[in-house]
Participant: 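Before I ask anything, let me first share the structure, which is written out below as structure tokens.
Quick caveat, the model's predicted, so the values are computed rather than measured.
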Amino acid sequence: LMKTLVVIVNYRTPALVVDCLRSLAPELTPGSHVVVTDNLSPDNSIQVIGNAISDNGWGDWCTFLPLPKNGGFAYGNNEAIKAFQDQKPQYVWLLNPDTIVLPKALIELESFLDSHPAAGIAGGRAENRDGSVRRSCFRFISPLGELEGAMQFGPMTKVLKSHVVAPAIPNTDEKVGWVSGASMLIRREVFEKIGLLDDGYFMYFEETDFCLRAARAGFECWYVPTSRIIHLVGQASGVTGAQRVAKRRPKYWFDSRRRYFSNNFGRSTLHTANAIWLAGYPIGRLWRLLRLKPREDPPRLWWDFLRYNYFPWAQ
């Protein structure tokens with residue numbers, strides 16, 4: 001049986017995928033296999049990735065699977081998992097295309113799950129190119145967490161400390177709510193019990209939803225900082241990272257957030273969270289202006305939040 005199925009989803013980032021595969025090649029453990037799916041990229045992705053696999057002799061351990069549509073991140077992962085389900089991989093490693101795999105990244109995650117049978121999911125440490133650490137483990141999102149995130153107001157953050165979605169980054173193994181889908185190792189039994197990722201999410205919130213469903217089914221989720229990747233944040237999506245200020249947040253982000261709250265907590269909790277965010281965000285913006293803090297949010301975020309949730313005619 002297969003030890004680990006590594007899944008990489010591409011959409012218009014063929015050069016990043018090739019770099020990721022090159023870094024991954026020496027880190028594969030015995031019995032592992034990589035599958036790269038392509039979500040009908042309208043560029044030369046199929047040619048570039050296919051040629052790279054062939055020219056570098058990666059075909060023995062890497063399969064390229066072009067897909068018939070751009071169904072989103074969850075869809076791209078699910079199609080890869082379904083294609084190899086007969087081989088019953090012990091683990092599935094979801095890996096972003098905009099990542100560089102550092103030494104022992106995979107074996108550290110495998111070893112952790114091998115030795116922690118209650119853990120169903122393990123995620124690694126994400127770093128910038130300069131070695132600084134990015135947040136990649138989180139608490140589950142809640143209405144009070146939305147209030148803290150919208151305001152980012154020091155005294156309020158202290159009051160809501162236990163609800164902060166992105167707490168301080170641990171330096172040791174720690175049980176968490178959810179981990180970033182940029183590097184997430186999942187035990188096969190999790191899929192057998194709760195199913196695949198929900199491909200009703202086009203992008204964003206799918207890993208949060210999956211980890212919540214796993215937690216409710218009795219599986220633990222852990223952050224394992226000895227497993228390290230470089231994450232070129234936002235290169236694959238263009239929504240986060242260095243370009244996030246210049247671009248308005250896309251509709252699918254709001255759609256995914258709405259699906260997460262509605263499916264997991266009900267529509268009343270969704271509207272409570274929405275009201276809290278809409279009230280808290282202007283207060284946070286005013287606080288940052290008074291302190292002469294630079295703007296870090298996408299433009300017109302409050303209006304986009306309002307119209308995508310309540311005014312479909314304005315979309």
Side-chain angles (χ1 to χ4, degrees), residues 72-74 134-168 176-181 198 200-213 215 233-234 237-241 243-315:
F73 180 73
R134 300 194 60 86
R135 287 186 171 89
S136 57
C137 61
F138 308 90
R139 293 189 180 101
F140 286 119
I141 303 165
S142 66
L144 288 177
E146 289 285 86
L147 176 61
E148 189 283 325
M151 293 184 65
Q152 296 182 13
F153 176 57
M156 183 62 71
T157 296
K158 290 181 180 179
V159 171
L160 298 175
K161 183 178 180 180
S162 63
H163 297 275
V164 174
V165 174
V176 297
W178 60 283
V179 292
S180 167
D198 179 357
Y201 296 92
F202 183 78
M203 188 179 289
Y204 294 101
F205 291 89
E206 62 280 294
E207 72 263 60
T208 317
D209 174 270
F210 187 82
C211 289
L212 179 58
R213 288 160 49 208
V233 176
S237 68
V239 174
T240 56
Q243 299 302 313
R244 70 186 186 278
V245 174
K247 293 184 177 181
R248 293 172 71 169
R249 189 159 287 174
K251 179 179 181 295
Y252 59 74
W253 187 93
F254 298 97
D255 291 342
S256 292
R257 177 188 174 278
R258 183 169 58 250
R259 184 177 185 86
Y260 170 78
F261 273 108
S262 295
N263 285 5
N264 291 300
F265 305 103
R267 294 194 63 81
S268 61
T269 299
L270 166 66
H271 294 305
T272 298
N274 286 353
I276 286 174
W277 191 94
L278 287 165
Y281 183 77
I283 298 172
R285 288 277 291 139
L286 177 60
W287 173 246
R288 287 191 290 275
L289 284 172
L290 292 174
R291 298 179 66 203
L292 302 179
K293 290 279 188 177
R295 176 179 180 157
E296 297 181 351
D297 299 322
R300 304 192 70 185
L301 182 59
W302 190 90
W303 165 241
D304 285 340
F305 188 100
L306 184 66
R307 73 189 182 107
Y308 284 133
N309 278 289
Y310 295 110
F311 300 134
W313 51 266
Q315 296 176 19

Participant: Check step by step if side chain to side chain contact (heavy atoms under 4.5 Å, CB included) holds for L301 and R285.
Facilitator: CA-CA 11 Å; L301 182 59; R285 288 277 291 139; over 6 Å; no

Participant: Decide yes or no on side chain to side chain contact (heavy atoms under 4.5 Å, CB included) for W302 and L306, but give the supporting numbers first.
Facilitator: CA-CA 6 Å; W302 190 90; L306 184 66; 3.8 Å; yes

Participant: How about W253 and F205: are their ring centroids closer than 6.0 Å?
Facilitator: yes

Participant: Indicate the ring-plane relationship of F265 and F261, choosing parallel, tilted or perpendicular according to the 30° and 60° boundaries.
Facilitator: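 Judged by the thresholds at 30° and 60°, the geometry between F265 and F261 is tilted.
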
Participant: Between V176 and C137, which heavy-atom pair has the shortest distance, and what is it?
Facilitator: CG1-CB, 3.9 Å

Participant: Check whether E206 reaches the backbone of Y204 with its side chain - one donor and one acceptor, N or O, closer than 3.5 Å.
Facilitator: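 Yes, E206 side chain to Y204 backbone: donor-acceptor pair under 3.5 Å.
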
Participant: Hydrogens and angles aside, do N263 and R213 bring a side-chain donor and acceptor to less than 3.5 Å of each other?
Facilitator: no

Participant: Might you work through the side chain to side chain contact (heavy atoms under 4.5 Å, CB included) test for T272 and E146, ending with a clear yes or no?
Facilitator: CA-CA 10 Å; T272 298; E146 289 285 86; over 6 Å; no

Participant: Evaluate the side-chain proximity of Y281 to D297: yes if any heavy-atom separation is below 4.5 Å, no if none is.
Facilitator: yes

Participant: Main chain of P167, side chain of R135: is a donor-acceptor contact present, judged purely on distance under 3.5 Å?
Facilitator: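 Checking the backbone N and O of P167 against the side chain of R135, a donor-acceptor pair under 3.5 Å is found.
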
Participant: Evaluate side chain to side chain contact (heavy atoms under 4.5 Å, CB included) for N309 paired with H271, printing each intermediate quantity in order.
Facilitator: CA-CA 9 Å; N309 278 289; H271 294 305; over 6 Å; no

Participant: With W178, which of F210, Y260, F138 fulfils ring pair (Phe, Tyr, Trp, His ring centres under 6.0 Å)?
Facilitator: F138

Participant: For R267 and S262, which heavy atoms make the closest approach, and how far apart are they?
Facilitator: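 For R267 and S262, the tightest heavy-atom pair comes out as NH1-OG, 3.6 Å.
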
Participant: Given D209 and R259, is the salt bridge (Lys or Arg N to Asp or Glu O under 4.0 Å) satisfied, shown in steps?
Facilitator: CA-CA 9 Å; D209 174 270; R259 184 177 185 86; over 6 Å; no

Participant: Would you say R249's side chain and F305's backbone share a donor-acceptor pair under 3.5 angstrom?
Facilitator: no

Participant: Would you say the ring centroid of Y201 lies under 6.0 angstrom from that of Y252?
Facilitator: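 No.
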
Participant: Looking only at atom types and distance, does a side-chain atom of R139 sit under 3.5 Å from a main-chain N or O of V164, one as donor and one as acceptor?
Facilitator: yes

Participant: Taking all non-hydrogen atoms of both residues into account, name the closest pair between L160 and L144 and its distance.
Facilitator: CD1-O, 3.7 Å

